[in-house]
Amino acid sequence: MKLNERSLAFYATCDAPVDNAGFLYKKGGRHAAYHRRWFVLRGNMLFYFEDPASREPVGVIILEGCTVELVEAAEEFAFAVRFAGTRARTYVLAAESQAAMEGWVKALSRASFDYLRLVVRELEQQLAAMRAGDCPPPPRRPRA
């Protein structure tokens, strides 16, 4: 599948449900200042906009191969999206509250294809164990 700016902008702003959305503070790449941006997580793509009404994203971060971790930073509730490699960029983001930060860290950690592959593999193993009779079926709820 070929992606271009127009198809990315459409995907970022379409009416389909999002995995997460909200304001975060993003530390600039060249400057140490934080900028308040509207972020939208769809699948493994994290789009950011000037504000919620914007029709075109300022940028997109493709989350494959990243790790999400808490960091010490000037901003409270900060976390980083890191990529492997010596020249890879680290994105430092900060939420507006502890609850928002925890929600974003969880959502971003689950956004990669590798994570979904692990979940599917675990579910396949559970299903195989149930079919083989190695695992008792889930308990039934008593009727009221």
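Predicted, not measured: the structure shown is a model, and the values here were computed from it.
- In this structure, the separation between CZ on F47 and OG1 on T13 is 9.0 Å, given to the nearest 0.5 Å.
- Rounding to the nearest 0.5 Å places CZ of F83 at 6.5 Å from CD1 of I61.
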Just distance, no hydrogens or angles: give the donor-acceptor pairs under 3.5 Å from side chains in residues 38-46, sequence neighbours left out.
unit_1 : atom_1 : unit_2 : atom_2 : d
R42    : NE     : Y11    : O      : 3.0
R42    : NE     : A12    : O      : 3.4
R42    : NH1    : A16    : O      : 2.9
R42    : NH1    : P17    : O      : 3.4
R42    : NH2    : C14    : O      : 2.8
R42    : NH2    : A16    : O      : 3.2
N44    : ND2    : E64    : OE2    : 3.0

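- Across all their heavy atoms, A21 and V18 have their closest contact at CB-CG2, 4.0 Å.
- Checked for salt-bridge contact, K27 and E75 miss the test: no charged N lies under 4.0 Å from a carboxylate O.
- Side-chain contact between V60 and P57 is absent, with no heavy atoms from C-beta onward closer than 4.5 Å.
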Between Q98 and F77, does a side chain to side chain contact (heavy atoms under 4.5 Å, CB included) hold up when you go through it step by step? CA-CA 6 Å; Q98 179 73 26; F77 313 120; 3.6 Å; yes
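- M101 places a side-chain heavy atom less than 4.5 Å from the side chain of L70.
- Side-chain contact between V81 and L108: present, with at least one pair of heavy atoms (C-beta onward) separated by less than 4.5 Å.
- Rounding to the nearest 0.5 angstrom, the gap separating the CD atom in Q125 from the CG atom in L123 is 9.5 Å.
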What do the steps show when you test V92 against Y34 for side chain to side chain contact (heavy atoms under 4.5 Å, CB included), and what is the final call? CA-CA 9 Å; V92 178; Y34 282 85; 3.5 Å; yes
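- The two residues N20 and A107 have their closest heavy-atom pair at ND2-CB, 3.7 Å.
- When hydrophobic side chains of Ile, Leu, Val, Met, Phe, Trp and Tyr are connected at separations under 4.5 Å, V120 ends up as a singleton with no cluster partners.
- For the pair F79 and V68, the minimum side-chain heavy-atom distance is below 4.5 Å.
- How far NZ of K26 is from OH of Y48: 4.0 Å, rounded to the nearest 0.5 Å.
- Atom CH2 of residue W104 and atom CD of residue E96 lie 11.5 Å apart, to the nearest 0.5 angstrom.
- Figure legend: R36 and F23 shown as a cation-pi pair, the cationic atom lying under 6.0 angstrom from the six-membered ring centre and within 45 degrees of its axis.
- In this structure, the separation between CD on E102 and NZ on K106 is 8.0 Å, given to the nearest 0.5 Å.
- Residues V71 and R82 share a closest heavy-atom pair of CG1-NH2, 3.5 Å.
- The side chain to side chain donor-acceptor pair (under 3.5 Å) test applied to E76 returns no partner, not counting sequence neighbours.
- Note on Y25: it does not cluster hydrophobically with Y91, by side-chain heavy-atom contacts below 4.5 Å among ILVMFWY residues.
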